[in-house]
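So the structure is just underneath, and the comments pick up after that.
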Amino acid sequence: MSYSSYGGYPPAPGGYGYPQAGGYPPSGGVGMPTPESAAAAAYGPSGAGLPYAPQPGGLGFNIGQSMFGSYPSLPSIVVPYQYISAQSTYPFQQPGYPLQPAYPQQGYNPAPAGYGAPQYGQSQPPYGGAPAAGYGAPSPGYGAPSAGYGAPPVSQPGYGAPPASQPGYGAPPASQPGYGAPSGGYGAPAGGYGAQTAAYGAPPAGQYGGYGAPSSGSAGYGGVSNTSYRIYEEGTLKPYPHFNVEQDVQVLRKAMKGFGTDEQAIISILGNRSNDQRQRIKQMYKTCYGRDLVNDLKSELGGRFEDAAVALMMRPDEFDAYELRRAMRGAGTDEAALIEILCTRTNAQIHALTAAYKNMYGRKLEEDIISETSGHFRKLLVSMSVGGRQENLPVDINKARADAQRLYQDGQRRWGTDENTFNMILASQSYEQLRAVFDEYGRVANHDIEQAIKSEMSGDLSTGMLTIVRMIRNKHGYFAERLYQSMKGLGTDDRTLIRIVVSRCEVDMKQIKAEFQRRYGQSLEAFVRDDISGDYRRLIQVLITDH
């Protein structure tokens, strides 16, 4: 008769895996038998009663090899295999002493408490007493990989490390990060390759830029903290905290219904709601009244006030697409508007505006750029319209030095300029990396990169390259200068004023205002008040005032 599926003991009336009543020696200090003595008791001293031929070691198990390769159906043989395999490299103790707990193998978490082996530092109950909880039960955790190697969720306690209250068994303590489970960052990296936080791009405290990213100040990789090349941004227009979409649409409908228009009511709503809130207002307006809000605004308002109000009712990607189409439509091309939009948007914004452009006009933005521009300036704008800049990567000082050297060699160090080198570097690297390149260029060439662009290029290409450099170095200063140029002297470039205020009021208008004050010694609010008037002025001032 064979009971190989239950570790060699004949079945007991109450279950499997234990001797029948009376088969235990009396309690009171009798040591736990070794597997040899247990096998001898069940099958005879020579192992003649074994259901299969004895294996090396005298226990009927092939230590160090998978027993399942020789016996096709042994679903419950876990106790000896688990217990022996964990100690296969150590000799068995002398008869009469319980086996010592196995030392955990590096890189694997042995079975947690209650699965096949006593805990480290705990003794097994006397033979004949109540068995340990789970002793003899299958061990689902044997060979389970540690964190970062596809381990199941924490909600499955049978896998991975045992509870924190039992630090002696399973995963090693946190003070030994190199033993057992690998330390954080190895395997599945936290946050992805070089992932950055939304505000600064620098990794959170205690993490080092993700897998493969050099730590801050790492001399071996030339890596530095991105924080030193990041720019803090904050808009003046914030989501209205007491937003009630139904109430807002009622106010707007009342302001435009009947004789006359309540322009102040329109300004109070549109000038104090975020873009997301305005989109909800536009949708609810049509839901409640079956009318298009933008069409009603166009019919009730006029002039630049109407232009600003309609611009506020567009999504950012729609407004960018609208402005790009306007810049290329008709006679002549507004190169400054093309440069301002395409050279200052993120990859995600570029992808969104190109999709909106195709949806709104049934045309591809790249094809229109090619048809309206030429030469190296066209190459630059096409490169910008792809939206393939390498964003959110750690700053590599060694690479910055190499790129600065290439710019110098292909610029002022040769007869004629290789514009393709400038295009490639300025269009592909992240803003943070390019700031490092510009710093290194000053050290290599002993003069500023803007000076090199002015001396080596001309026309729209020079303007475009300088825009990229100035925007990357000081984006807020660039927009402050654009606002100043739109209002200085006689007349006002209202298109530029509206475009910058509407597109930046929720992004970085606070920093633009501070830069404007620093450069021109006058607040942006005062400049606007002196240059434009009426409801148009009131709406613009609401947008640039801190909320």
Side-chain angles (χ1 to χ4, degrees), residues 270 274-287 292-298 306-392 423-424 426-431 460-461 463-464 467-468 471 475 479 482 494-496 498-507:
L270 301 188
S274 68
N275 189 272
D276 287 341
Q277 292 173 337
R278 295 194 298 270
Q279 299 309 310
R280 292 180 59 187
I281 289 172
K282 182 167 67 173
Q283 183 182 44
M284 183 58 69
Y285 190 91
K286 181 173 286 188
T287 300
D292 187 83
L293 177 57
V294 174
N295 290 337
D296 281 358
L297 290 171
K298 289 180 178 179
E306 174 191 335
D307 293 339
V310 171
L312 286 169
M313 296 312 302
M314 296 183 187
R315 296 196 317 265
D317 56 330
E318 292 174 336
F319 185 49
D320 281 344
Y322 172 78
E323 288 294 298
L324 287 171
R325 180 62 185 150
R326 183 199 62 80
M328 293 184 286
R329 186 174 54 226
T333 302
D334 188 349
E335 291 86 359
L338 295 177
I339 293 170
E340 176 197 309
I341 296 172
L342 293 176
C343 296
T344 62
R345 302 305 192 250
T346 65
N347 287 347
Q349 291 170 335
I350 291 291
H351 297 157
L353 72 87
T354 53
Y357 192 94
K358 181 66 162 40
N359 184 57
M360 293 168 66
Y361 304 110
R363 310 164 65 94
K364 289 185 178 181
L365 175 61
E366 181 179 332
E367 293 178 355
D368 282 355
I369 291 174
I370 293 174
S371 66
E372 295 295 329
T373 58
S374 60
H376 288 289
F377 179 60
R378 176 171 63 192
K379 292 180 181 179
L380 176 64
L381 293 185
V382 169
S383 296
M384 296 292 103
S385 70
V386 171
R389 188 179 297 279
Q390 302 178 63
E391 296 178 338
N392 297 324
N423 189 95
M424 178 183 65
L426 295 183
S428 65
Q429 303 301 310
S430 70
Y431 293 157
D460 292 332
L461 177 62
T463 302
T467 297
I468 295 176
M471 186 277 301
K475 178 167 58 176
F479 282 117
R482 291 282 289 161
D494 297 287
R495 267 297 167 194
T496 298
I498 293 172
R499 181 175 61 250
I500 294 177
V501 170
V502 170
S503 63
R504 311 310 298 186
C505 63
E506 295 182 52
V507 180

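Remember, it's a predicted structure, so these values are computed and weren't measured experimentally.
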Given K282, which of Q279, M284, R278, K286 fulfils the side chain to side chain contact (heavy atoms under 4.5 Å, CB included) condition?
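Passing option: Q279.
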Under the side-chain hydrogen bond (donor to acceptor under 3.5 Å, both in side chains) test, residues paired with [X] that sit two or more places apart:
| X | answer |
| --- | --- |
| T344 | none |
| D460 | none |
| R482 | E340 |
| R329 | none |

Sequence neighbours excluded, which residues qualify as side-chain contact (heavy atoms from CB on, under 4.5 Å) partners of [X]?
| X | value |
| --- | --- |
| K298 | V294, E306, V310 |
| K364 | K358, E367 |
| S428 | Q390 |
| K475 | E233, M471, F479, R504, D508 |

Can you tell me how far the [atom1] atom of [X] sits from the [atom2] atom of [Y], to the nearest 0.5 Å?
| X | Y | atom1 | atom2 | answer |
| --- | --- | --- | --- | --- |
| L324 | M360 | CG | CE | 10.0 Å |
| T373 | I339 | OG1 | CD1 | 10.0 Å |
| I281 | L270 | CD1 | CG | 7.0 Å |
| I498 | F319 | CD1 | CZ | 7.5 Å |
| L342 | T467 | CG | OG1 | 11.5 Å |
| L353 | N359 | CG | CG | 13.0 Å |

Partners of D276 by salt bridge (Lys or Arg N to Asp or Glu O under 4.0 Å), sequence neighbours excluded?
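Scan of D276 (salt bridge (Lys or Arg N to Asp or Glu O under 4.0 Å), adjacent residues dropped) gives none.
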Under the salt bridge (Lys or Arg N to Asp or Glu O under 4.0 Å) test, which residues partner R495, sequence neighbours left out?
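Counting only residues at least two positions away or on another chain, R495 forms a salt bridge (Lys or Arg N to Asp or Glu O under 4.0 Å) with E323.
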What ring-ring contact (aromatic ring centres under 6.0 Å, His included) pairs are there with at least one residue in residues 328-366, not counting sequence neighbours?
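Checked against ring-ring contact (aromatic ring centres under 6.0 Å, His included) - neighbours excluded - the pairs reaching residues 328-366 are Y357-Y361.
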Sort and list the pairs that fulfil salt bridge (Lys or Arg N to Asp or Glu O under 4.0 Å) and have at least one residue in residues 342-355, not counting sequence neighbours.
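Matches after skipping sequence neighbours: D320-R345.
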Distance-minimising heavy-atom pair for C343 and I468
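That closest heavy-atom pairing would be SG-CG1, 3.7 Å.
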Any idea which heavy atoms bring L297 and A309 closest together, and the distance?
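It is CD1-O, 4.4 Å.
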Would you say that [X] contacts [Y] through its side chain, given a criterion of any heavy-atom pair below 4.5 Å between the two side chains?
| X | Y | result |
| --- | --- | --- |
| M313 | L293 | yes |
| V386 | I350 | no |
| L338 | I369 | no |

Just by modelled atom types, is the [Y] backbone N or O under 3.5 Å from a matching donor or acceptor in the [X] side chain?
| X | Y | result |
| --- | --- | --- |
| Q349 | T346 | yes |
| D317 | A356 | no |
| E506 | N275 | yes |
| Q429 | L426 | no |

Do other residues, nucleotides or ligands put more than 12 heavy atoms under 6.0 Å from R280 CZ?
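Open.
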Residues Y431, E391; criterion side-chain contact (heavy atoms from CB on, under 4.5 Å); working and verdict:
CA-CA 8 Å; Y431 293 157; E391 296 178 338; 5.8 Å; no
Before you tell me yes or no, could you show the steps for L365 and R325 under side-chain contact (heavy atoms from CB on, under 4.5 Å), namely the whole-Å CA-CA distance, both residues' side-chain angles and the distance that decides it to 0.1 Å?
CA-CA 8 Å; L365 175 61; R325 180 62 185 150; over 6 Å; no
side-chain contact (heavy atoms from CB on, under 4.5 Å), that's the test. Do F377 and T463 meet it? Break it down for me.
CA-CA 9 Å; F377 179 60; T463 302; over 6 Å; no
Inspect the contact between R363 and E372 and indicate whether a charged nitrogen and a carboxylate oxygen are less than 4.0 angstrom apart.
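So E372 does not pair with R363 through a salt bridge.
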